[in-house]
Amino acid sequence: MIDLRALRDSPDAVRASQRLRGEDEGVVDAVLAADERRRTALSDFERVRGEQKAHGKRVAQAAGEEKQALVAAAKDLSAQVKQLQAAAAEAEAEVEELLRSVPNLVADGVPPGGEDDYIVLEEVGTPRDFAAEGFEPRDHLELGELLGAIDMGRGAKVSGARFSFLTGAGARLELGLMQYAMARAVEWGFVPVVPPTLVTPQMMGGTGFLGAHAEEVYRLDADDLYLVGTSEVPLAGFHADEILDLRGGPLRYAGWSTCYRREAGSHGKDTRGIIRVHQFTKVEMFSYVPAAEADAEHQRLLAWEREVLDAVEVPYRVIDVAAGDLGTSAARKYDCEAWVPTQGRHRELTSTSSCTTFQARRLGIRERTAEGSTTPVATLNGTLATTRWLVAILENHQREDGSVVVPAALRPYVGLDVLEPVRR
RNA sequence: GGAGGCGUCGCCUAGUGGUCUAUGGCGCCCGCCUGCUAAGCGGGUUUGGGGUGAUACCCCAUCGCGGGUUCAAAUCCCGCCGCCUCCGCCA
């Protein structure tokens with residue numbers, strides 16, 4: 001949720017942000033009008049409520065007939081209070097609802113436009129020239145089947161489309177990758193966390209996932225809980241309604257979790273293999289920092305992502321995501337996309353978002369200021385590893401015989417130097 | 001799943017319908033006093049919001065959360081959540 005006071009102060013900044021995102025600007029005037037009504041209604045209620053309280057004290061001290069008369073008058077006041085309170089609550093709710101519908105303010109410098117209007121910041125590494133090496137690369141699923149690592153058929157049998165089994169070398173590679181990412185995060189000072197993956201509507205809404213993309217999340221109707229699509233949700237909720245002490249530096253957590261996504265809007269897209277599945281695992285970084293340090297922390301998260309990408313030795317590029325493709329909560333987002341040889345294009349492996357104070361406002365996460373008051377913190381998140389990374393690792397490190405060389409950094413965690421085809 | 005108990009400010013705690021502004025202590029902050037770190041004295045110390053874009057002042061809400069009863073609710077009633085004790089069931 002954006003800052004109501006900031007919207008009052010500079011409505012044009014909010015309008016500009018909405019334009020950049022391709023969203024409705026009219027909401028700004030609607031909020032301003034609703035806020036005006038809210039403040040009037042609140043003043044009315046508070047004035048009469050004050051009268052009622054003062055009157056109540058006189059009732060308490062009176063006795064006999066005098067008391068009877070005072071109670072009669074109190075009934076009238078009580079009726080008024082009830083009505084004014086309801087009106088104030090309604091006005092309050094209206095502002096709240098409108099304000100919640102506004103996505104985060106886009107940061108300065110974010111490229112305008114939609115999904116295809118990203119800016120490439122940097123390209124790292126060089127794709128292998130398989131033609132020069134004299135063989136046609138196999139795609140990740142073909143390799144996965146050769147290696148006994150990925151089983152989509154049985155995934156579909158047991159759970160339906162877009163579900164897979166990782167078996168043998170596939171399971172070892174996945175677990176090794178996650179362990180490696182987690183070990184690095186711990187080395188950088190992150191607190192490792194295994195969070196719950198079922199969360200309340202408050203947490204899902206507070207992190208911004210029940211807005212435009214609500215149809216992407218699984219909901220358990222019987223329990224009114226949601227399955228998280230990322231551990232960002234429980235890691236943000238971890239400190240909900242708390243006042244943090246950030247004088248000693250940012251609070252950083254690295255969550256490992258299974259993630260669930262309905263992929264409702266992507267029918268027919270990436271149906272082969274494990275590029276886009278309903279369930280995968282992920283190691284996610286999450287930082288709580290003073291609002292003024294958000295940009296600096298964002299750069300640090302990006303740098304840490306790149307360290308792990310470098311360690312798995314796949315070519316990748318860094319993009320600055322355009323305004324129209326930011327999530328509800330993000331003010332700025334950088335993605336790292338790995339080269340996938342058989343697709344001849346880059347695919348997202350990591351994504352780091354600065355949510356500035358947007359999530360913190362909704363979730364009530366503040367810090368104590370030097371003056372003694374409280375102020376919302378900034379929250380940021382970034383990917384350190386996901387199941388999708390297996391796609392890039394398998395394809396980029398394959399050999400002509402179908403074996404796959406495990407990146408050196410992962411070998412101690414995977415327990416294998418080379419993944420070999422299995423006999424059937 | 002069943003029975004009982006509990007939930008008050010950072011911590012502990014008093015408070016069974018109105019009696020001043022929810023007690024009191026610890027801790028913490030400010031000041032005074034004091035011949036070193038102690039003691040004593042005085043004041044302050046939840047959070048959110050409104051007046052109001054204000055470090056002062058005034059007001060409203062806030063006693064786990066949400067409803068209800070009442071002129072009036074921390075207090076009475078209902079639902080939910082959490083913790084503790086016990087019972088049952090289960091990996």
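Lettering of chains follows the sequences in order, A, B, ..., and the numbering in each one begins at 1.
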Please verify the inter-ring angle class for [X] with [Y]; under 30° counts as parallel, over 60° as perpendicular, anything in between as tilted.
X	Y	answer
A/His298	A/Tyr334	tilted
A/Phe190	A/Trp304	perpendicular
A/His278	A/Phe163	tilted

Using atom [atom1] of each nucleotide, how far apart are [N] and [M] to the nearest Å?
N	M	atom1	value
B/C41	B/C26	P	10 Å
B/G25	B/G42	P	11 Å
B/A14	B/U8	C1'	10 Å
B/G7	B/C76	P	11 Å
B/C89	B/A73	P	46 Å
B/U85	B/G10	P	26 Å
B/G31	B/C20	C1'	26 Å
B/U16	B/G68	P	25 Å

For this session: Enter the distance from A/Thr230:OG1 to A/Phe280:CZ here, rounded to the nearest 0.5 Å.
Result: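 That separation rounds to 7.5 Å.
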
Problem set entry | Check: A/Thr379 and A/Cys355 side chains under 4.5 Å, non-hydrogen atoms |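 Yes. Closest side-chain heavy atoms under 4.5 Å.
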
Problem set entry | Heavy-atom side-chain contact between A/Glu174 and A/Leu390 under 4.5 Å | yes

In the structure shown, which nucleotide is the Watson-Crick or G-U wobble counterpart of [N], with both distances under 3.5 Å?
N	value
B/C57	B/G51
B/G1	B/C87
B/G40	B/C32
B/C6	B/G82

Integer-rounded Å distance: [N] [atom2] and [X] [atom1]:
X	N	atom1	atom2	result
A/Leu42	B/U62	CG	P	13 Å
A/Glu242	B/U47	CD	C1'	14 Å
A/Leu99	B/G48	CG	P	17 Å
A/Asp3	B/G53	CG	P	13 Å
A/Asp44	B/G51	CG	P	12 Å
A/Arg368	B/C9	CZ	C1'	12 Å
A/Lys53	B/G17	NZ	C1'	16 Å
A/Leu4	B/U52	CG	C1'	14 Å

For this session: Let me know, please, whether A/Arg366 or A/Gln85 comes out on the 5' side of the other along RNA chain B by nearest nucleotide.
Result: A/Arg366

Exercise. Between A/Ser43 and A/Glu46, does any side-chain donor sit less than 3.5 Å from a side-chain acceptor?
Worked result: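 On atom types as modelled, these side chains do not qualify, holding no pair under 3.5 Å.
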
For this session: Pick base, sugar-phosphate or nothing for A/Thr374, based on heavy-atom distances below 4.0 Å to the nucleic acid.
Result: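 The answer is sugar-phosphate, as A/Thr374 gets under 4.0 Å only of primed atoms, P, OP1 or OP2.
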
Exercise. Reckon A/Arg47 touches a base, only the sugar-phosphate, or nothing at all at heavy-atom distances under 4.0 Å?
Worked result: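 It contacts nothing in the nucleic acid.
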
For this session: Only counting residues at least two apart or in another chain, list the ones meeting side-chain contact (heavy atoms from CB on, under 4.5 Å) with A/Leu84.
Result: A/Asp44, A/Phe45, A/Val48

Problem set entry | Any residue meeting side-chain contact (heavy atoms from CB on, under 4.5 Å) with A/Asp3, in chain and number order, not counting sequence neighbours |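 Partners of A/Asp3 under the side-chain contact (heavy atoms from CB on, under 4.5 Å) test: A/Arg5, A/Ala6, A/Arg361.
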
Problem set entry | Where protein sits on nucleotides 66-81 of chain B, one letter per nucleotide: B base, S sugar-phosphate only, - none, heavy atoms under 4.0 Å | ---S-BS---------

Exercise. Which residues in residues 31-41 of chain A have at least one heavy atom lying under 4.0 Å from any atom of RNA chain B?
Worked result: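 RNA chain B contact set from residues 31-41 of chain A: A/Arg38, A/Arg39.
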
Exercise. Which pairs count as side chain to side chain donor-acceptor pair (under 3.5 Å) when at least one residue sits in residues 75-91 of chain A, sequence neighbours excluded?
Worked result: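 Side chain to side chain donor-acceptor pair (under 3.5 Å) check on residues 75-91 of chain A returns no pairs.
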
Exercise. side-chain hydrogen bond (donor to acceptor under 3.5 Å, both in side chains) with A/Ser231: which residues, sequence neighbours excluded?
Worked result: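 Listed in chain order: nothing, the list is empty.
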
Problem set entry | Side-chain-base donor-acceptor pair under 3.5 Å for A/Glu46 and B/G49 |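 Yes, a donor-acceptor pair under 3.5 Å.
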
